[in-house]
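In what follows, chains are A, B, ... by sequence order, proteins preceding strands, each numbered from 1. Heavy atoms only: backbone and side chains are in, while hydrogens, waters and symmetry mates are out.
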Protein chains: 2
Amino acid sequence: MAAAKRLTQRDIARLAGVSQATVSLVLNGADGNDGRIPAETRNRVNKVIRDTGYVADPVARRMVKGLNRILGVFTYEPAFPSAQADFFTPFLLGIEEAAQELGYDLLLLTGAGTRRKIFGDNVRLRLADGCIILGRQFDPAELERLVTGDFPFVAVGRRDDAGGPVPYVGGDYAPATSALVHRARDLGHHRIAYVGLNQGAESSEDRWQGFQEAIGGADLVTNINAVGRPAAEVLDILLAADATCVFFTELADAIAVEALARNRGLSIPGDLSIVVIGNHIRAEQATGTRFTSFAIPREAMARAATQMLVRRVEDDAPVEQLLLPCEPVEGETLGPVSTQTIRIK
Amino acid sequence: MAAAKRLTQRDIARLAGVSQATVSLVLNGADGNDGRIPAETRNRVNKVIRDTGYVADPVARRMVKGLNRILGVFTYEPAFPSAQADFFTPFLLGIEEAAQELGYDLLLLTGAGTRRKIFGDNVRLRLADGCIILGRQFDPAELERLVTGDFPFVAVGRRDDAGGPVPYVGGDYAPATSALVHRARDLGHHRIAYVGLNQGAESSEDRWQGFQEAIGGADLVTNINAVGRPAAEVLDILLAADATCVFFTELADAIAVEALARNRGLSIPGDLSIVVIGNHIRAEQATGTRFTSFAIPREAMARAATQMLVRRVEDDAPVEQLLLPCEPVEGETLGPVSTQTIRIK
DNA sequence: TCAAGCCGCTAATGCGTATTAGCAGTTATG
DNA sequence: CATAACTGCTAATACGCATTAGCGGCTTGA
């Protein structure tokens, strides 16, 4: 039971009365004119293979071929634990689908409690033919090593160049944000506020850039460059600035401020319009309010990233950078600007 | 850019002016008294390794060592696509956590559109050190081959012997079902019905067995041995049989019948108590009703299965079979039997 | 002074497969 | 009839690493 030694091609060869090389040739469908195995021999070998249930060791195979048909999926953060689950699930779904279609399996390398490194001591990642990197965080040093290295990878989410162009599939936040700004302006808003970071992560910068481009500069009444600030503070600032519309980068902030505003008797969007830039998960589930926003095509991004990665692995395709459009989400928190000014403390 | 050859130990050796064997010894912490590398040489080699960013090829490593620290996760059905997602997610979560703690990575082998085989042509599964098998379906022939083979595996969910004992971690449905039956009887129910398969899958049989043991035989008024039957038919049968309480194995059936019953003016549990055997996902989300049921400890099962698998891989531990208790879920659909008989057509 | 022991390192080997060069026997070609 | 071409197969090799046997130089002990 314990020492049930694995079968090897040598075993098959012995049983079939041929050489190991012949077994290999039979297995790999002796094509062309090189290894020519007549049907009779082929059948004999195949019979032994069937009878014994032999299967080639993928490790040894990989050893000589160099490829595995395995894609790594790396996340700095744990992928499943519930808080994150809703964030990663659409990505994993898309990756799995695409990998399936392309005949690849997935090697999950998900963040530990301790931050996980790509270039650790035990880089089992190299077992895969290439990898997709998920997650908002990204160690810049590791990114640079990846870029300069020869290991195929694709990032989900736009990344700035790091010693070279980074292959990625991202959401095209800038135009999506611009479109929402234009909608707000078309609805008469002239006093617009922005709550959220405008630097740091690429995705933050993209949003901010799209916002700036569309707003023209004159209409921005307040820019609270922070996330997670107490709702009361934020709301006070917004009201003090006479904002009629506010853009949040973080759904959580929007939810808190919206609840507080209603609590204070303000009507949304009657007195204050709210736009969330990017649909974070559970927009409608956490609260009854459906925020005006745009949809991040997570599943499509993941599919595209997977396909891109396979192109790089199989055809050594050049670096691509792809941004997928984000469709607007109507929602119910953006309305025409109110003609009367209400101020309730 | 294309031919950026991977570094090997030989490269490191050349750069450090030593032999490949020395590099390997340095990497594997020359323990004991066998390969003794003085600090000076060790430092020199380590410096080159750091400078070049070399990492050992896990494939070659596996080739000689035999183990990978990778666990396969096999599902006959696709794991992520949304309909299934809620079913598999808790399992994956538990597996990921346990694997993480034990220092293993996960190789996902998820079902294709076409049914996937464990023993296919391309058994990449063997790349892993062992595997966990998820899913309700299970090809009996493959199960038998697994049992007789030497590849370590653990099933999630109880499985009957197949040419030998099957290692598994399951939910202990029988006593959990019994407990619910007793509760119903304690509440005065004497006319109990059972809707669901009582043979086929092991999990169905366990439920049925637990039900039978507790009910004693006399009280079973109807046994509709089917799932997915039209709610109207089922309800009519239940009413015709004067059932005061009904056990469903399938949540979907329970939902349909409950809705119809309410629609016809019956009160639940006033006129009819409903028990669902096993909490299928989204019990509360799909409908407002919280069914009386028992909780299947999916995450704990997955964790236990993972740990069991590692024991088998690392210590060649004997086959274990483990059933985890299922806690009762109070719910709101099981109440005392009504003294008056209401019949509404 | 010589044997024994130790130290620092390397050559050699094997893991299971794919692949190539090439051998012996047969058949076609001029 | 000699040579070429083909057929069916095998020996040999490489892939990158871990591991073991053992080599030459040095130190120690008698």
Name the nucleic acid region contacted by A:Val18, choosing base, sugar-phosphate or nothing; use a 4.0 angstrom heavy-atom cut-off, strictly under.
-> sugar-phosphate

Distance-minimising heavy-atom pair for B:Leu323 and B:Gly171 = CD2-O, 3.7 Å

Could you pick out which residue, B:Ala60 or B:Thr22, lies toward the 5' side of DNA chain D when each is mapped onto its nearest nucleotide?
-> B:Ala60

A:Arg62 side chain near D:dC15 phosphate (N/O to OP1/OP2, under 4.0 Å) | no

Tell me: CZ of A:Arg10 to P of C:dC15, nearest whole Å?
-> 7 Å

C:dG16 phosphate, OP1 or OP2: any side-chain N/O from A:Tyr54 under 4.0 angstrom?
-> no

Taking only Lys NZ, Arg NE, NH1 and NH2, and the carboxylate oxygens of Asp or Glu, determine whether B:Glu314 and B:Arg69 approach each other closer than 4.0 Å.
-> yes

Charged N-O contact under 4.0 Å between A:Arg311 and A:Glu320 = yes

At under 4.0 Å, does any side-chain N or O of A:Ser24 touch on OP1 or OP2 of C:dG16?
-> no

Choose from D:dG8, D:dA18, C:dC9 the nucleotide whose nearest atom is closest to any side-chain atom of B:Ile37.
-> C:dC9

How many Å lie between CG on A:Leu7 and P on C:dC15, as a whole number?
-> 15 Å

Do the side-chain N or O atoms of A:Thr8 get closer than 4.0 angstrom to the phosphate oxygens (OP1, OP2) of C:dG16?
-> no

B:Arg61 side chain, from C-beta outward: closest of D:dA12, D:dG8, D:dA18 = D:dA18

Would one find a side-chain N or O of B:Gln9 under 4.0 angstrom from OP1 or OP2 of D:dA18?
-> yes

SB check A:Lys47 A:Asp51 (cutoff 4.0 Å) | yes

On DNA chain C, check which nucleotide each of B:Glu40 and A:Val23 is closest to and give me the residue with the more 5' one.
-> B:Glu40

With the side chain defined as heavy atoms from C-beta on, B:Arg44 is closest, among C:dT19, D:dG16, C:dC9, to C:dC9

Could you give the CG-to-C1' distance, from A:Asp57 to C:dG14, as a whole number of Å?
-> 14 Å

Does A:Asp161 pair with A:Arg159 as a salt bridge, N-O distance under 4.0 Å?
-> no

Within this structure, what is the CD-to-C1' distance between A:Gln20 and C:dG16, rounded to whole angstrom?
-> 8 Å

Considering heavy-atom distances to DNA chain C, does B:Ser19 or B:Met63 have its closest nucleotide positioned more toward the 5' end?
-> B:Ser19

Give the nucleotide from the list C:dG8, D:dT20, D:dT10 with an atom nearest to the side chain of A:Leu25.
-> D:dT10

Measure from NZ on B:Lys65 to C1' on C:dC15 and round the result to the nearest Å.
-> 13 Å

Roughly how many Å is it from CZ in B:Arg14 to P in D:dC17, rounded to a whole number?
-> 13 Å

